[in-house]
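Below is one structure, written out as structure tokens; comments come after it.
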Amino acid sequence: MSEQLTLSAETRDRAGKGASRYLRREGRVPAVIYGNNEDPLSIHVEEKALMKALSGGHFMNSVVMIDAGAAPVRTLPKDVQFHPVTDRPLHVDFLRISEHAKVHVDVPIHFVDEDKSKGIKRGGVLNQVRHELELICDAAEIPEEIVISLAGMDIGDSLHISAVTLPKGTESAITDRDFTIATIVAPSGVKSEAADAAAAAAGIEGEEPAADEVPTVGETEAEEGASEE
């Protein structure tokens, strides 16, 4: 289960670009809490604390308790805006949720048992089509990651969502298709050799006789006359 984080915050009365720039100069990051049929709450959090939470790698699929002086608010991060040059966080959106609300989260995938994959042992390469799974689960039971085994997979095999056992109480948010998560593909050298062999085979099958092997009209008539004599 994903860990629960806590961020201290302060409410803010002023909005607008000027007020936001002032907060950032003071080492604070503007943010807003919305949802759950309540009015939005404008807050700001310490940039250092936010960066520490972001560095953990699971910020976007973790429950974050916002302590703004009153009762802590249970939230789920929905968006973090970053500066295009410095990568400093500029603004954060938090979704207010109840303790056992059903939430949509993107959970990272972790592959294991590569040493038990026949395809990888033969030199095949794991082609990871998806790095995260979009899931629906209880807010109190958000998985930290989804572990998927590659045991038995060979070159040319594909792994689909239907073959993945999700944690209890968790389901895929995509239900209209059995989408591909990963495939085992042949290494580029093997694929090039196979393509060359196929091209060579096609050339042999379609090979035309050399020019000096094709009889002319005169030669054909002479041969027919000699056979009649």
Side-chain angles (χ1 to χ4, degrees), residues 1-5 50-64 75-90 92-95 97 101-199:
M1 183 179 68
S2 181
E3 63 179 321
Q4 180 174 290
L5 305 175
L50 177 61
M51 290 297 293
K52 182 179 179 180
L54 287 167
S55 66
H58 303 288
F59 182 71
M60 298 305 294
N61 62 315
S62 297
V63 172
V64 179
T75 72
L76 189 68
K78 298 304 292 182
D79 185 53
V80 181
Q81 298 175 26
F82 294 93
H83 191 282
V85 177
T86 65
D87 280 338
R88 291 180 61 184
L90 298 177
V92 189
D93 290 347
F94 293 99
L95 175 65
I97 58 175
K102 286 290 184 180
V103 295
H104 285 67
V105 290
D106 293 326
V107 180
I109 299 170
H110 177 56
F111 290 101
V112 296
D113 296 330
E114 292 190 11
D115 58 329
K116 298 179 182 179
S117 165
K118 294 185 291 185
I120 292 179
K121 283 184 176 181
R122 293 170 53 203
V125 178
L126 174 65
N127 175 34
Q128 193 168 344
V129 179
R130 289 178 179 266
H131 295 270
E132 297 177 324
L133 291 180
E134 185 182 349
L135 304 176
I136 301 174
C137 60
D138 189 303
E141 300 292 337
I142 300 174
E144 186 171 313
E145 61 184 10
I146 300 298
V147 178
I148 300 177
S149 174
L150 298 173
M153 290 191 66
D154 205 347
I155 292 176
D157 288 348
S158 296
L159 179 69
H160 297 87
I161 184 61
S162 58
V164 177
T165 301
L166 297 174
K168 184 178 180 181
T170 301
E171 59 182 317
S172 172
I174 302 174
T175 59
D176 60 342
R177 63 188 185 279
D178 189 18
F179 57 86
T180 301
I181 297 173
T183 61
I184 304 294
V185 298
S188 56
V190 174
K191 287 189 288 186
S192 297
E193 291 174 5
D196 292 343

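The figures here come from the full heavy-atom set of this structure, side chains too, leaving out hydrogens, waters and symmetry mates.
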Enter the distance from [X]:[atom1] to [Y]:[atom2] here, rounded to the nearest 0.5 Å.
X	Y	atom1	atom2	value
I146	F111	CD1	CZ	11.5 Å
H83	L90	NE2	CG	6.5 Å
L126	S117	CG	OG	8.0 Å
T165	K168	OG1	NZ	14.5 Å
L159	I181	CG	CD1	5.0 Å
Q4	S62	CD	OG	9.5 Å

Any sub-3.5 Å donor-acceptor pair from T170's side-chain atoms to L166's backbone N or O?
->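 Not confirmed, T170 side chain does not pair with L166 backbone.
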
Test item: S55 side-chain N/O and K52 main-chain N/O as donor-acceptor pair under 3.5 Å =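 Looks like yes, one N/O pair under 3.5 Å.
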
Hey, is NZ on K116 packed in by over 12 heavy atoms from elsewhere, all under 6.0 Å?
->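 It does not: K116 NZ has 12 such atoms or fewer within range.
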
Please name all residues satisfying salt bridge (Lys or Arg N to Asp or Glu O under 4.0 Å) with D154, sequence neighbours left out, ordered by chain then number.
->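 By the salt bridge (Lys or Arg N to Asp or Glu O under 4.0 Å) rule, D154 matches R122.
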
Who pairs with R130 by salt bridge (Lys or Arg N to Asp or Glu O under 4.0 Å), at least two apart in sequence or on another chain?
-> none

Does [X] reach the side chain of [Y], with side-chain heavy atoms less than 4.5 Å apart?
X	Y	answer
D106	M60	no
I161	I174	no
V112	I148	no
C137	P143	yes

Among residues at least two apart in sequence or on other chains, which ones pass side chain to side chain donor-acceptor pair (under 3.5 Å) with [X]?
X	value
S162	D178
N127	T183
H131	Q128
D79	none

Looking at every heavy atom in both [X] and [Y], which two are closest together, and how far apart are they?
X	Y	answer
S158	M153	C-CE, 4.1 Å
V63	A139	CG2-O, 3.2 Å
N61	E144	ND2-O, 3.7 Å
K78	H104	NZ-O, 3.7 Å
K121	D115	CE-O, 2.6 Å
D113	S149	OD2-OG, 2.6 Å

Would you please test V129 and F179 for side chain to side chain contact (heavy atoms under 4.5 Å, CB included) and show each step?
-> CA-CA 10 Å; V129 179; F179 57 86; over 6 Å; no

